[in-house]
Participant: 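Shown below is the structure under consideration.
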There are 2 protein chains.
Amino acid sequence: MSYALSGARPIGTETRARVMAAIKELGFERNAAARSLAARRSHVLALVLPTVAGGLSGTLGEFAQAASQTARDAGYHLVIWPFDREEHAEVRDLVRQGQADGVLVMEVSLHDERIDALLASQVPFTMIGRTAELDGRSWVDIDFERTLTDAVDHLADLGHTTIAFVNHSQHSLDTGYGPTVRARDAFHAAAVARGIHATDVTSDESPLAGRLTTSAILDERPETTAFVTMNETATFGVTQALRDRRLRVPDDVSVLAVVTSPEVGAMYHPPLTTMRAPGHELGRRSVEELLAALEGTAPREAPRLVTCALSPGASTGPAPRR
Amino acid sequence: MSYALSGARPIGTETRARVMAAIKELGFERNAAARSLAARRSHVLALVLPTVAGGLSGTLGEFAQAASQTARDAGYHLVIWPFDREEHAEVRDLVRQGQADGVLVMEVSLHDERIDALLASQVPFTMIGRTAELDGRSWVDIDFERTLTDAVDHLADLGHTTIAFVNHSQHSLDTGYGPTVRARDAFHAAAVARGIHATDVTSDESPLAGRLTTSAILDERPETTAFVTMNETATFGVTQALRDRRLRVPDDVSVLAVVTSPEVGAMYHPPLTTMRAPGHELGRRSVEELLAALEGTAPREAPRLVTCALSPGASTGPAPRR
DNA sequence: CTGTTAGCGCGTTCAT
DNA sequence: ATGAACGCGCTAACAG
């Protein structure tokens, strides 16, 4: 068939016109299965994530949109494929069966069996996040070190000397979830660098847990004047606990929510100062990485670490006089 | 090849064993493209939704999980396919090109061009929600009539006589978004039935909009003692406005959030009484509908309308004495 | 119950 | 610059 028309070799202008006309008239559509079979390539990228990863939150939406767009511009479809955590094999088989050409893996932990399976089968993939071991792996991630450093600096510059950090759950820490581990370490390092009295705690992803946690911190360290939170759900509890104690934000206590969005910050009163999760950038970059791996292009040395920018709200202010 | 083994016809126990052994040893995987080509069926169901439909919210997660599971049990993959609103043709072409066998369409409006395109091309689909016209269309939806009736009844039973309803945006009403239209109408009908003084307003999907809207209602109708909200984001503003005016929940004013989840309700203080969006049920039912259409099975007459159950919180109570 | 065979609709290579 | 032929790896239909 004259189907090389679809871009493969030089074509006569007139011939092309004839073909295009025929295509219109017959309402012709290229068959994806036949193309995939012949070309040995599905032109599908799979975005796999744990089932209901906190319910496909706002950040995911932004990420997926950017990734989707980038993929489309390159002639690929991005499809979101939810899997339970235990289904390592299924993730790998998506590619081995030719359903997808490559995989974007979200919510990776420091030791992630899905990644082991992918590596063992030589399946092309890019991680959103990082395993502990990195060589030979393609990834993009939030720069937690930089983000937490900036967060601590912001508060230290405002005169705060005792800062608490409300992290993700203990479970996520125990299972080696990268963001939890990295953020904790970075917070500590930044606090030491600025001579800050630091408290860090984990909290389950619920407002109630955040409230209890915050309450406990205030009991133990009443001199705490600032909270950095990296737990969207628990943050609701943090502000509740402050309200319970008649502590005003930001006059008595400052709250800085990191790796979230101003939109979420706007749900509070006053609106939270946030450090925005760079979902868009991560989405674009991760697809670029994966495509480079797929097409054998040299994995261009672009930044793999993306930072969260400070988005001023009304929840951080100068430390109160004592 | 003896591949009918994979379920198509009776097989000798021993033959089966031999084949299975060979499969293990060679690490064999069936090729999806070849299967699709030969069988003229991709075994993929596409869940299409507008790009960043409010950021793939919590309800979507629940829906997707259930749909995904149901599809898998039937030997299908459910893949989430984000599209911009304007890309009607692309949605249709997914199936025409054989990328997917059928489509689940989310966020359908009363007059939805995507649906028109699907109908014109005879593509199998099921709507999550309903167009105005329904015949020959497969759908499942939330029972807004019932939900709003239950909501009004709940509050009326508590003695409230003036109730305000905070709906989705004016834009969604203007563009004929089913839930917005149906909920408004149902609220009115229910209020009339119970002799309630009803106010209904639309609000943009932001806390600020919810706050201003609520404030305006309280100015105009200070006798309002209860709010029904169907706008997750704006509801944050509703409670802020009440707090601004020193109105206590539920002593002075009751708040009932419908078509949301107790988890979201828990982000409030006190926790909101909610009517839970039946994401799980909708996900399961919608895939069942679509599969019935695909496999030519008689579209079994199961309920297409699913109701939201009341989940008690602490934000509704008896109407205050005047 | 089991072995064999003919396409499915494209990409690709080989002629022209 | 174009047409023709082959085969991607399977399913389904047909013999045995």
Side-chain angles (χ1 to χ4, degrees), chain A residues 1-45 74-77 90 92-102 121-124 291 294-296, chain B residues 1-46 74-77 90 92-102 121-124 291 294-297:
Chain A
M1 290 220 173
S2 38
Y3 280 89
L5 301 193
S6 307
R9 69 185 181 188
I11 231 65
T13 327
E14 188 222 331
T15 313
R16 145 159 274 123
R18 271 196 305 125
V19 175
M20 294 312 263
I23 282 182
K24 292 290 159 227
E25 289 181 28
L26 306 193
F28 172 87
E29 291 283 342
R30 271 145 87 181
N31 178 295
R35 299 188 69 191
S36 301
L37 183 57
R40 289 104 172 289
R41 163 156 287 196
S42 65
H43 285 278
V44 165
L45 305 183
Y76 284 80
H77 276 297
E90 279 76 2
R92 175 201 58 198
D93 292 343
L94 275 187
V95 174
R96 301 217 307 185
Q97 296 174 167
Q99 296 264 18
D101 294 337
S121 300
Q122 310 232 43
V123 168
L291 289 177
L294 281 179
E295 323 227 287
Chain B
M1 290 219 174
S2 36
Y3 281 91
L5 302 194
S6 306
R9 66 187 183 187
I11 231 63
T13 326
E14 190 220 333
T15 313
R16 144 159 274 124
R18 274 197 303 126
V19 174
M20 295 313 260
I23 282 181
K24 292 291 160 231
E25 289 181 28
L26 305 191
F28 173 87
E29 290 284 342
R30 266 146 81 178
N31 179 296
R35 298 188 67 190
S36 302
L37 182 57
R40 287 109 170 287
R41 164 155 286 197
S42 65
H43 286 277
V44 166
L45 305 182
Y76 284 80
H77 276 295
E90 279 75 2
R92 174 202 59 196
D93 292 342
L94 275 186
V95 174
R96 301 217 306 184
Q97 296 173 166
Q99 296 264 16
D101 294 337
S121 300
Q122 311 232 44
V123 168
L291 289 178
L294 281 179
E295 323 227 289
T297 323

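Just so it is clear, the values below take in all heavy atoms, side chains as well, and ignore hydrogens, waters and symmetry mates.
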Participant: At their closest point, which heavy atom of G98(B) faces which heavy atom of A32(A), and how far apart are they?
Facilitator: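 Answer, listing the atom of G98(B) first, then A32(A): C-CB, 4.3 Å.
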
Participant: Could you check how far NE2 of H43(A) sits from C1' of dG11(C), rounded to whole Å?
Facilitator: 11 Å

Participant: With side-chain contact (heavy atoms from CB on, under 4.5 Å) as the criterion, how do Q99(B) and D93(B) come out once you've worked through the C-alpha distance, each side chain's angles and the decisive distance to 0.1 Å?
Facilitator: CA-CA 8 Å; Q99(B) 296 264 16; D93(B) 292 342; over 6 Å; no

Participant: I need the CG-P distance between L26(A) and dC10(C), as an integer number of Å.
Facilitator: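 After rounding, the gap between these two atoms is 12 Å.
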
Participant: Could you grab the distance from atom NE2 of H77(A) to atom CD of E90(B), nearest 0.5 Å is fine?
Facilitator: 8.5 Å

Participant: If the helix axis at each end comes from five base pairs, how far does the helix from dC1(C)-dG16(D) to dT16(C)-dA1(D) deviate from straight, to 10°?
Facilitator: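 About 40° separates the two local helix axes.
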
Participant: Taking only N/O atoms, report every protein-nucleotides 6-8 of chain D pair under 3.5 Å with atom names and distance.
Facilitator:
none

Participant: How would you list, by chain and number, every residue that makes a side-chain hydrogen bond (donor to acceptor under 3.5 Å, both in side chains) with S42(A), sequence neighbours excluded?
Facilitator: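 Result, side-chain hydrogen bond (donor to acceptor under 3.5 Å, both in side chains) vs S42(A): D101(A).
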
Participant: What are the two closest heavy atoms between L291(A) and A74(A), and how far apart are they?
Facilitator: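 Closest pair (atom of L291(A), atom of A74(A), distance): CD1-CB, 3.4 Å.
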
Participant: For the pair made of CD in E29(A) and C1' in dC10(C), what is the distance, rounded to whole Å?
Facilitator: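 After rounding, the reported distance stands at 14 Å.
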
Participant: Just do the salt bridge (Lys or Arg N to Asp or Glu O under 4.0 Å) check on R41(B) and E295(B) with the steps written out, would you?
Facilitator: CA-CA 11 Å; R41(B) 164 155 286 197; E295(B) 323 227 289; 3.5 Å; yes

Participant: Taking only the side-chain heavy atoms of F28(B) (C-beta and beyond), determine which of dG9(C), dG11(C), dC10(D) contains the nearest atom.
Facilitator: dC10(D)

Participant: Looking at every heavy atom in both Y76(B) and V44(B), which two are closest together, and how far apart are they?
Facilitator: CD2-N, 3.9 Å

Participant: With a cut-off of less than 4.0 Å, is there a side-chain N or O of R30(A) near OP1 or OP2 of dC10(C)?
Facilitator: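 For dC10(C), OP1/OP2 do not have a side-chain N/O of R30(A) under 4.0 Å.
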
Participant: Taking CZ from R96(A) and P from dC10(D), how many angstroms apart are they, rounded to a whole number?
Facilitator: 13 Å

Participant: Less than 4.5 Å apart, side chain to side chain, heavy atoms only: is that true for H43(B) and S36(B)?
Facilitator: no

